[in-house]
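Below: one structure, written as structure tokens.
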Amino acid sequence: MNPFAYTSPKNTTEASALTAPNGDFALPVLKSGGMDLLDRMKEGLEAPDLVVDLTRIDDPALDALDTNRVGGRVTLAMLAESDELRQSVPILGAAAGSAATPQVRNVATVAGNLLQETRCWYWRMSQFDCLRKTGDACPAREGDHRFHVIFQDGPCLMVHPSNLAPAMYVLDGEVDVVGGDRERISVRDLYPDPAADWRSTSVLSPAEIITGLRFKSAPNSAFIALKQKQSFDWPMVSGYAVLELDGDVITSARTCAGAVAPRPHPLPQVDAALVGISVDDDARLRAACERSIEGADPLPGSAYKTALLPVAIRRAVTAAANPTERDRGGDA
Ligand SMILES: Cc1cc2nc3c(=O)[nH]c(=O)nc-3n(C[C@H](O)[C@H](O)[C@H](O)COP(=O)(O)OP(=O)(O)OC[C@H]3O[C@@H](n4cnc5c(N)ncnc54)[C@H](O)[C@@H]3O)c2cc1C
Ligand code: SF4
């Protein structure tokens, strides 16, 4: 690891000033829990000259845990364990509680989760160059791409790694930001269009800090992860659903797929097909969820995901319709 300076500013204004372009340091970087950032530094993927630690800022808004807003510094464990949130918006706790291990969840923050870097193994190895670094080719295309996209939305074939990002999509979520000329960004606008920009992790400038996540209540919501192994791992495919119901009939649905595209992949055609269906009508539910793979263009090694995706979406829809704690989703 390269030598770097370290600082722990007192407030977010000071933190953004330190990471603003044209400051005293050429490559400053923000750190929350450090779970992803320190990995990248240790692997030689990144060599910041200043680490700006957000964990010692004295600001209760960063740690708030309310039913429609959580602070950016809230940990995945806090989100997963909040009884109030599990009642009002179960999809968030399920997505947070399924990520990583208890040790990681105790440190990893929600802001860092939204902004973590890709898990593409070619990107994660300093020996490989690629389109997302400085290169002009993607070694995953002809290489081992079993955990890569089935929707080729751009030349980089990575899948978005965050469990929370698709949940925030279906919740119509926003992030509070400081350090720039805007105060909020819809999470649907947080990530760049992968056809136009395949190198940036988000649209935030280096000085912009996420201070909180805002979202609507959604008691009928669920997340399902299909994993290769049930202990710590990123999902092969994940399904997200928020429903409104009249009795057992779906009156409105918002679904999204995770781990299949460079950004969370909303499924409006599934949402439309689900309206008017009884959650007990298995045949119609299956038919609606089969539509999740419309437009898929899988790679030879990722084609198996087209069989998994309709299952993940259907299980998420079924779990969202079932208000019991037991069936609120998580790992499947
Ligand atoms: C073994 C293991 C398994 C995992 N499995 C999963 C999984 O299944 N699903 C999943 O979603 N994740 C998984 N993760 C990833 C983990 O959840 C993230 O690495 C973690 O949430 C990052 O949060 P952090 O606070 O440590 O961020 P950091 O490492 O501190 O930061 C991550 C990035 O975000 C930026 N950043 C951090 N905070 C802010 C802020 N407030 N404003 C602006 N920029 C900021 C940093 O500059 C950095 O680039 C796993 C990690 C491990 C180690
Ligand atoms: S999928 Fe993207 S990150 Fe991975 S090797 Fe290809 S260009 Fe790089």
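Here the side chain of Thr19 pairs a donor or acceptor atom with the backbone of Pro206 at under 3.5 angstrom. Remark: the backbone N or O of Ala47 is not paired with any side-chain donor or acceptor of Asn2 at under 3.5 angstrom. A donor-acceptor contact shorter than 3.5 Å links the side chain of Arg124 to the backbone of Thr118. When atom types are taken as modelled, the side chain of Ser302 and the backbone of Val149 share a donor-acceptor pair closer than 3.5 angstrom. Side-chain N or O atoms of Asp58 include none that pairs as donor or acceptor with a backbone N or O of Asn11 at under 3.5 Å. In this structure, Arg105 contributes its side chain and Ala100 its backbone to a donor-acceptor pair below 3.5 Å. A side-chain donor-acceptor contact under 3.5 Å links Thr251 to the backbone of Glu244. Side chain of Ser202 to main chain of Leu204: a donor-acceptor pair is present (N/O by atom type, distance under 3.5 Å, no hydrogens or angles). Panel note: side chain Ser88, backbone Ser217; no donor-acceptor pair is recorded below 3.5 Å. The closest donor-acceptor contact from the side chain of Thr306 to the backbone of Ala303 lies under 3.5 Å.
For the side chain to side chain contact (heavy atoms under 4.5 Å, CB included) test, residues two or more places apart in sequence or in another chain that qualify with Pro161 are Gln116, Arg119, Trp234.
One finds a salt bridge joining Arg291 and Glu294 here, because a Lys/Arg side-chain nitrogen approaches an Asp/Glu carboxylate oxygen to under 4.0 Å. With salt bridges taken as basic N to acidic carboxylate O contacts below 4.0 Å, none links Lys227 and Asp233. We find that Arg199 and Asp197 are not joined by a salt bridge, their nearest charged nitrogen and carboxylate oxygen being 4.0 Å or further apart. Ion pair Glu174/Arg184 flagged as a salt bridge, since at least one NZ, NE, NH1 or NH2 atom sits closer than 4.0 Å to an Asp/Glu carboxylate oxygen. Salt bridge status for Glu81 with Arg86: absent, with no side-chain N to carboxylate O gap under 4.0 Å. Using a 4.0 Å cut-off between charged side-chain N and carboxylate O, Arg254 and Asp271 make no salt bridge.
Relative ring orientation between Trp121 and His148 is described as tilted, the plane-to-plane angle lying within the 30° to 60° band.
Side-chain contact between Ser8 and Thr55 is absent, with no heavy-atom pair separated by less than 4.5 Å. Tyr122 is not listed as a side-chain neighbour of Asp129, based on a closest heavy-atom distance of 4.5 Å or more. Taking 4.5 Å as the limit, some side-chain heavy atom of Leu50 sits within range of a side-chain heavy atom of Leu18. Looking at heavy atoms from C-beta onward, Val89 lies out of side-chain contact with Lys216 at the 4.5 angstrom threshold. In this structure, Gln103 and Val107 have side chains that are not in contact, with every pair of non-hydrogen atoms separated by 4.5 Å or more. Proximity of Met168 to Leu213: side-chain heavy atoms (C-beta onward) are separated by under 4.5 Å at one or more points. Considering only heavy atoms from C-beta on, Leu267 comes within 4.5 Å of Ser292 through its side chain. The side-chain heavy atoms of Val177 and Ile209, taken from C-beta on, include no pair separated by under 4.5 Å.
Taking every heavy atom of both residues into account, Tyr240 and Ala316 meet most closely at N-CB, 4.0 Å. Heavy-atom minimum distance, Lys31 versus Asp53: NZ-OD1, 3.2 Å. Across every non-hydrogen atom of Gly179 and Glu208, the tightest pair is C-CG, 4.1 Å. Considering every non-hydrogen atom in both Leu54 and Ala15, the closest pair reads CD2-CB, 3.9 Å. Closest of all the heavy-atom pairs between Pro264 and Ala165 is CG-CB, 3.8 Å. Minimum interatomic distance between Ala218 and Leu171 (heavy atoms only, all atoms of both residues): CB-CD2, 3.6 Å.
Note: the hydrophobic cluster containing Leu62 does not contain Val175 (ILVMFWY, side chain heavy atoms under 4.5 Å, direct or indirect links). In the hydrophobic clustering of ILVMFWY residues, with side-chain heavy atoms under 4.5 Å counting as a link, Phe128 and Phe147 come out together. Leu114 and Leu65 fall within the same hydrophobic cluster, where Ile, Leu, Val, Met, Phe, Trp and Tyr residues are linked whenever their side-chain heavy atoms come under 4.5 Å apart, directly or through other members. Connection of Val51 to Phe25 is not established within any shared hydrophobic cluster, with ILVMFWY side chains joined at heavy-atom distances below 4.5 Å, either directly or through further cluster members. Linking Ile, Leu, Val, Met, Phe, Trp and Tyr whenever their side-chain heavy atoms come within less than 4.5 Å puts Leu164 and Met78 in one cluster.
Annotation: the span from Leu309 atom CG to Ser238 atom OG amounts to 9.0 Å, rounded to 0.5 Å. Rounded to the nearest 0.5 Å, atoms CG (Leu308) and CE (Met236) are 5.5 Å apart. Taking OG of Ser82 as the start and CD of Gln87 as the end, the distance is 9.5 Å to the nearest 0.5 Å. Taking SG of Cys130 as the start and CE of Met125 as the end, the distance is 10.5 Å to the nearest 0.5 Å. Residue Arg314 holds its CZ atom at 7.0 Å from SG of Cys289, rounded to the nearest 0.5 Å. Residue Glu46 holds its CD atom at 8.5 Å from CG of Leu27, rounded to the nearest 0.5 Å.
Annotation: salt bridge (Lys or Arg N to Asp or Glu O under 4.0 Å) contacts involving residues 66-77, sequence neighbours excluded, comprise Asp63-Arg73, Arg69-Asp176. The ring-ring contact (aromatic ring centres under 6.0 Å, His included) contacts involving residues 247-306 comprise Phe151-His265, where partners must be two or more places apart or lie in separate chains.
Counted within 6.0 Å of NZ on Lys133, heavy atoms from surrounding residues, nucleotides or ligands total more than 12; the atom is thus considered enclosed. Around CD of Glu14, the count of heavy atoms belonging to other residues, nucleotides or ligands within 6.0 Å exceeds 12.
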So Glu117 and Trp123, side chain to side chain contact (heavy atoms under 4.5 Å, CB included) or not? Walk me through it. CA-CA 9 Å; Glu117 256 298 349; Trp123 189 89; 3.5 Å; yes
Can Tyr191 and Tyr169 be said to form a side chain to side chain contact (heavy atoms under 4.5 Å, CB included), step by step? CA-CA 11 Å; Tyr191 304 111; Tyr169 265 50; 4.2 Å; yes
Would Val29 and Leu37 count as a side chain to side chain contact (heavy atoms under 4.5 Å, CB included) here? Give the steps. CA-CA 9 Å; Val29 70; Leu37 177 67; 3.8 Å; yes
Could you walk me through whether Val110 and Leu79 pass the side chain to side chain contact (heavy atoms under 4.5 Å, CB included) test, one step at a time? CA-CA 8 Å; Val110 295; Leu79 198 56; 3.7 Å; yes
Evaluate Gln152 against Arg141 for side chain to side chain donor-acceptor pair (under 3.5 Å), listing each step before the verdict. CA-CA 11 Å; Gln152 298 191 37; Arg141 186 169 287 283; 3.3 Å; yes
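In this model, no donor atom of one side chain and acceptor atom of the other lie less than 3.5 Å apart for Glu84 and Thr67. Side-chain contact check for Ser278 and Asp248: at least one donor-acceptor pair (N or O, by modelled atom type) lies under 3.5 Å.
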